[in-house]
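In this text the structure is predicted, and so the values were computed from the model without any measurement. Remember, it's 1-based here, ligands and their atoms both numbered in the order they're listed.
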Amino acid sequence: MNFTIATIPGDGIGPDIIEQTVLVLDKIGEKFGHTFTFTETLAGGIAIDQVGEPLPQKTLDICKKSDAVLLGAVGGPKWDDFPGDQRPEKALLGLREGLNLFANLRPALLYEPLKDACTLRPDLVEGGLDLMVVRELTGGIYFGERGRRQGKYGEEAYDTEAYSKEEIERIAQVAFDIAMKRDKRVTSIDKANILESSRLWRAVVEEVAKEYPEVELNHLYVDNASMQLVRNPKQFDVLLTTNMFGDILSDEASMITGSIGMLPSASLGKGSFGMYEPIHGSAPDIAGQDKANPLATILSGAMMLRYSFQLEKEAKTIENAVIEVLKQGYRTGDIMSAGMKQVGTKKMGQLVVENV
Ligand code: NAD
């Protein structure tokens with residue numbers, strides 16, 4: 001089969017990790033008889049430098065014409081003082097909005113060979129950890145009305161958390177559909193004791209749950225959820241939550257697994273189109289030094305094969321190759337531990353290719 005993929009390396013370590021992922025996908029193509037055609041395009045700080053805006057229209061057009069998008073990361077200190085709507089991160093919001101990607105899937109998996117990297121007591125993650133954060137991606141406070149105004153005590157700033165019934169319904173359906181393929185448990189996370197938007201969230205999730213009688217639903221306030229994640233993470237299967245709460249909780253979940261450099265993500269809309277990216281940022285501190293862990297991006301490539309191209313066997317081949325490389329004792333600096341063999345970005349990519 002033939003697939004077109006828009007690649008957006010972006011800034012910092014983005015180009016390093018995308019390069020390795022393309023090599024792995026090419027190897028999959030060779031092994032299984034598929035052709036992946038990559039079109040590289042600009043977004044983030046590099047786009048600001050080259051064409052004056054973080055998300056050029058041309059980039060959006062290329063993405064829309066592709067079957068899926070593979071993104072590295074955007075941002076860096078060079079652009080930190082730019083005004084909000086001209087910052088590299090604006091490209092991410094623009095891509096999600098422009099491509100109508102409303103569901104963000106962030107699996108947090110503790111790989112057996114990396115169990116020592118887990119920051120929790122071993123008995124808390126005994127037997128592994130496998131949870132999925134389903135985060136709403138195009139609504140809530142990151143997209144609500146914001147501004148500055150004169151208040152009682154001088155200048156003040158505000159942001160607005162707003163959710164429509166329809167937005168909640170469609171993300172809840174994604175979470176329940178995923179739960180049906182897993183352990184059939186959904187935990188919906190909100191702040192319904194305080195926020196009106198959370199009260200609507202809870203009511204709509206309850207409604208959607210009626211369509212999935214086999215799935216067990218429970219609710220947690222976000223403060224409790226953040227405690228439970230480190231107290232007993234194995235209690236969770238699918239965590240369903242809003243844009244901002246999901247942003248924070250998925251990073252917490254990722255830390256439990258040991259390294260932010262290991263976790264992929266998928267952003268989906270209706271249909272099979274999706275954008276795939278690691279959950280980490282552009283790591284400017286290690287950019288261009290052959291130190292970045294490419295595995296989160298490579299595993300994002302596997303998610304792309306699974307969710308956008310329906311190539312389950314090929315996706316599993318990548319995931320198994322990653323596990324094999326870890327079992328062989330190879331580690332990038334971020335997941336290095338005593339007795340293991342430390343390698344750089346390129347070598348790690350090459351090892352995955354060899355194991356595919
Ligand atoms: P970060 O994820 O870039 O880095 C946090 C820490 O983790 C750093 O010490 C970094 O070296 C390390 N790290 C991250 N990814 C790694 C990898 N693959 N291999 C090894 N180590 C890795 O987060 P930050 O420092 O808060 O942000 C840096 C920049 O990235 C900022 O400009 C931020 O806005 C941007 N950012 C972009 C995205 C994105 O593009 N999706 C997400 C988060 C942050």
Side-chain angles (χ1 to χ4, degrees), residues 7-21 42-49 54-55 59 69-97 99 101 104-106 114 117 119 133 135 137 142 243-244 246-255 257-267 274-301 303 322 325-326 330-337 340 342-349 352:
T7 58
I8 306 179
D11 308 313
I13 59 171
D16 308 350
I17 54 185
I18 289 291
E19 185 188 3
Q20 297 312 312
T21 306
L42 288 178
I46 187 175
I48 296 174
D49 288 353
L55 181 62
T59 299
V69 180
L70 183 67
L71 176 94
V74 298
K78 183 174 173 193
W79 306 280
D80 272 353
D81 296 329
F82 281 50
D85 61 343
Q86 287 160 39
R87 286 173 60 104
E89 292 79 2
K90 185 76 187 165
L92 294 176
L93 301 188
L95 281 163
R96 289 167 189 167
E97 205 176 15
L99 302 172
L101 304 170
N104 188 215
L105 316 188
R106 293 187 172 200
L114 291 183
T119 48
V133 180
R135 166 189 171 195
L137 205 57
Y142 293 175
N243 202 340
M244 182 164 66
D247 190 2
I248 299 164
L249 291 176
S250 56
D251 269 17
E252 187 187 359
S254 71
M255 206 49 239
T257 67
S259 171
I260 201 165
M262 289 300 301
L263 293 178
S265 80
S267 302
M275 183 165 86
Y276 300 84
E277 57 182 309
I279 73 156
H280 58 72
S282 58
D285 51 329
I286 55 167
Q289 299 169 36
D290 195 37
K291 281 186 183 166
N293 183 349
L295 295 178
T297 318
I298 290 171
L299 291 166
S300 302
M303 286 186 90
V322 167
V325 171
L326 294 173
Y330 295 104
R331 303 283 187 273
T332 43
D334 57 317
I335 51 174
M336 183 60 191
S337 59
M340 298 295 134
Q342 187 162 343
V343 295
T345 312
K346 286 187 164 53
K347 179 72 183 169
M348 187 54 107
V352 177

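Qualifying side-chain hydrogen bond (donor to acceptor under 3.5 Å, both in side chains) partners for D11, counting only residues two or more places apart in sequence or in other chains: none.
Each of I298, D334, L295, T332 was evaluated against M262; a single residue qualifies, L295, per the side chain to side chain contact (heavy atoms under 4.5 Å, CB included) test.
The protein residues lying under 4.0 angstrom from ligand 1, judged by non-hydrogen atoms, are I13, A73, V74, G75, G76, E89, L92, I260, G261, E277, H280, G281, S282, A283, P284, D285, I286, A292, N293, D334.
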Extract all donor-acceptor atom pairs below 3.5 Å that involve side chains of residues 276-287 and protein atoms in other chains or at least two apart in sequence.
{"unit_1": "Y276", "atom_1": "OH", "unit_2": "S308", "atom_2": "N", "d": "3.4"}
{"unit_1": "Y276", "atom_1": "OH", "unit_2": "S308", "atom_2": "OG", "d": "2.7"}
{"unit_1": "S282", "atom_1": "OG", "unit_2": "G75", "atom_2": "O", "d": "2.7"}

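Under the side-chain hydrogen bond (donor to acceptor under 3.5 Å, both in side chains) criterion, the residue pairs touching residues 69-81 are D49-K78, D49-W79, with sequence neighbours excluded.
Between L137 and N243 the shortest side-chain heavy-atom distance falls below 4.5 Å.
Note: K291 NZ to M348 CE = 15.5 Å, rounded to the nearest 0.5 Å.
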